[in-house]
Amino acid sequence: MDLAQLTRDLEDLRSEALAQAAAAPDTTAVEALEIELLGKKGRLTGVLRGIGGLPAEDRPRVGAIANAVREAIEAALRERGAALRGGELEARLRRERLDVTTPGRPLRRGSLHPSIEAMADIARIFAQFGFVVVESPEVEDDLKNFQMLNIPPDHPARDLWDTLYVDQPGNLLRTHTSPGQIRVMQSMAPPIRVLLPGRCYRYEAVDASHGFEFFQVEGLMVDEGTTLADLKGLLDQFAHAMFGAGRKTRFRPGYYPFTEPSVAFDVECLVCGGPGCPACGRTGWMTILGAGMVHPVVLQYGGLDPERYQGFAFGMGPERISMLKHGITDLRLFMDNDLRFLEQFR
Ligand code: DAH
């Protein structure tokens, strides 16, 4: 190896490297070139390996040329890298460009199902009188759904609640929320003020006013010295909060096996306001719930002494309340999941 040859090799490397640097397509390629040309096992090192074969006095000159070549390559790579980085940033900014003035896409807002909405309204009103919401199961036993509510087997009143049974003997789908009363009395000590909302089931032929599946809200108050007057006062307050302060109300005698006496509670017809119309069967009144003083036998099944405690109970259908409030004439709409109906309650 002689000096002239080595010098030529270095010059060749320089011009080739500068061309490569100038042609590098991206910053990754620039980094790869740096290793290929200037790395420990790179091409410059390779050329300089020949330096060992030179006479000692020539070596400094080759060293000086080699340094110049290294610097030139480094500068070219740095320059190309900087240029590419600028372009890449610009491209990325262009790609990720965001128009912050674009109007947002509106989110679809849901709404409460009218049954749920009615139950929430009912719960809110009774909460003001200290009633708390308690849940009870949809699968009940014959004891609590009937017998402990003073409806023994074969009692004719069972015809009021056509029942769907489940496979397990003695169990059924609750036909009303009243069995929750028994559960509450057995597990809570008076004074008791509870609301029991929930789904109920009946073996019904479905029509505009009967469903096999519907909600009820049960109320129960038990304390010492509770009277029918307390019940009447409370229900009046409820009706006024729910349907408007000016509404007339009335109590009529009713019949339920689990209350004595039993009443039906009516409000003035919300459509005609009194004179009578098709919506109220021309009576001028709409029945909104059944109620009464808890039968002593029922208190006993609940583990309470009827000599010491008295109570009242009531049960209402939130769908019916909703129908009266909104002028809905077909109960089936509540379970159809038809958005054209449901979207009106936003
Ligand atoms: N459970 C009755 C029904 O399903 C409604 C009812 C009436 C509940 C009177 C009561 C009550 O608690 O006192 O028709």
Side-chain angles (χ1 to χ4, degrees), residues 115 118-119 122-123 126 129 131 133-138 140 142-151 155-164 172-186 188 192-204 209-223 226-235 238-239 251-266 286-299 301-302 304 306 309-321 323 331:
S115 300
M119 285 194 284
I122 294 164
F126 281 103
F129 300 99
F131 283 72
V133 170
V134 175
E135 288 196 56
S136 63
E138 291 177 21
E140 267 294 3
D142 191 275
L143 271 176
K144 286 190 276 295
N145 194 81
F146 289 124
Q147 295 175 47
M148 291 175 157
L149 293 173
N150 201 27
I151 315 167
H155 191 286
R158 288 207 179 206
D159 289 350
L160 294 172
W161 297 278
D162 290 318
T163 308
L164 290 160
L172 45 79
L173 294 179
R174 66 176 170 198
T175 57
H176 49 179
T177 43
S178 302
Q181 289 187 32
I182 301 292
R183 291 177 178 272
V184 166
M185 286 189 276
Q186 288 179 347
M188 292 169 75
I192 292 171
R193 290 182 189 196
V194 295
L195 278 192
L196 292 150
R199 218 179 265 273
C200 302
Y201 304 87
R202 282 183 201 173
Y203 183 66
E204 290 277 0
S209 52
H210 298 83
F212 62 86
E213 177 191 24
F214 54 89
F215 285 97
Q216 278 195 343
V217 179
E218 189 86 10
L220 174 69
M221 168 162 169
V222 181
D223 202 351
T226 302
T227 69
L228 186 64
D230 297 321
L231 173 65
K232 291 178 73 175
L234 177 68
L235 292 182
F238 165 69
F251 290 83
R252 289 182 290 123
Y255 172 71
Y256 298 99
F258 31 88
T259 44
E260 181 57 39
S262 303
V263 296
F265 182 53
D266 301 345
M286 290 174 154
T287 302
I288 58 168
L289 55 81
M293 299 306 291
V294 180
H295 196 292
V297 162
V298 176
L299 286 171
Y301 279 124
L304 301 175
Y309 294 111
Q310 299 75 41
F312 60 70
F314 52 87
M316 66 185 100
E319 285 90 8
R320 180 161 173 76
I321 304 257
M323 287 170 81
L331 178 69

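Whatever order the structure lists them in is the order used to number ligands and atoms, beginning at 1.
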* **Test of proximity, G219 against ligand 1: N or O pairs below 3.5 Å** => no
* Would you call S136 and E218 a side-chain contact if the rule is heavy atoms closer than 4.5 Å? -> no
* State the atoms of ligand 1, each with its element, that fall below the 4.0 Å cut-off from a heavy-atom position in T259. => 13 (O)
* Asked: Between F238 and F126, what is the ring plane arrangement, given parallel below 30°, perpendicular above 60°, and tilted in between?
  -> parallel
* To do: Indicate whether the side chain of T287 and that of R252 have a donor and an acceptor atom separated by less than 3.5 Å.
  => yes
* To do: Could you tell me which atoms of ligand 1, counted from 1 in the order shown, lie closer than 4.0 angstrom to a heavy atom of S178?
  => 1 (N), 8 (C)
* **Min N/O separation Y256 to ligand 1 under 3.5 Å** => no
* To do: State the CZ-CE distance between F265 and M316, to the nearest 0.5 angstrom.
  => 9.0 Å
* Structure fact -> Nearest heavy-atom approach of L231 to F312 is CD1-CD1, 3.4 Å
* Asked: Are R158 and F146 in a cation-pi setup, meaning NZ or CZ lies under 6.0 angstrom from the ring centre and within 45 degrees of the ring axis?
  -> yes
* Asked: About how many Å separate OH of Y301 and CG of N150, when rounded to the nearest 0.5 Å?
  -> 7.5 Å
* Gap between atom CD of Q216 and atom CE of M119 - 0.5 Å precision -> 11.0 Å
* To do: Select one of side chain, backbone, both or neither to describe which atoms of F258 lie under 4.0 Å from any atom of ligand 1, heavy atoms only.
  => side chain
* So between H176, R202, R174, whose heavy atom ends up nearest atom 14 (O) of ligand 1? -> R202
* To do: Please could you name the atoms of ligand 1 that W161 approaches to less than 4.0 Å, counting only its heavy atoms?
  => 3 (C), 4 (O), 14 (O)
* Are any of the heavy atoms in H295 under 4.0 Å away from ligand 1? -> no
* Asked: Could you go step by step and tell me if K232 and V263 meet the side chain to side chain contact (heavy atoms under 4.5 Å, CB included) rule?
  -> CA-CA 10 Å; K232 291 178 73 175; V263 296; over 6 Å; no
* To do: Provide, to 0.1 Å, the distance between atom 10 (C) of ligand 1 and the closest protein heavy atom, together with that atom's residue and name.
  => E218 OE2, 3.4 Å
* Report, in ascending order of atom number, the atoms of ligand 1 lying under 4.0 Å from any heavy atom of G292. => 13 (O)
* Structure fact -> For G315, the ligand 1 atoms with a heavy-atom partner under 4.0 Å come out as 6 (C), 8 (C), 10 (C), 12 (O)
* Subset of ligand 1 atoms that lie under 4.0 Å from at least one heavy atom of Q216 -> 3 (C), 4 (O)
* For A291, take its heavy atoms, then give the atoms of ligand 1 lying under 4.0 Å from any of them. => 9 (C), 11 (C), 13 (O)
* Below 3.5 angstrom, do we get any N/O pair linking Q181 and ligand 1? -> yes
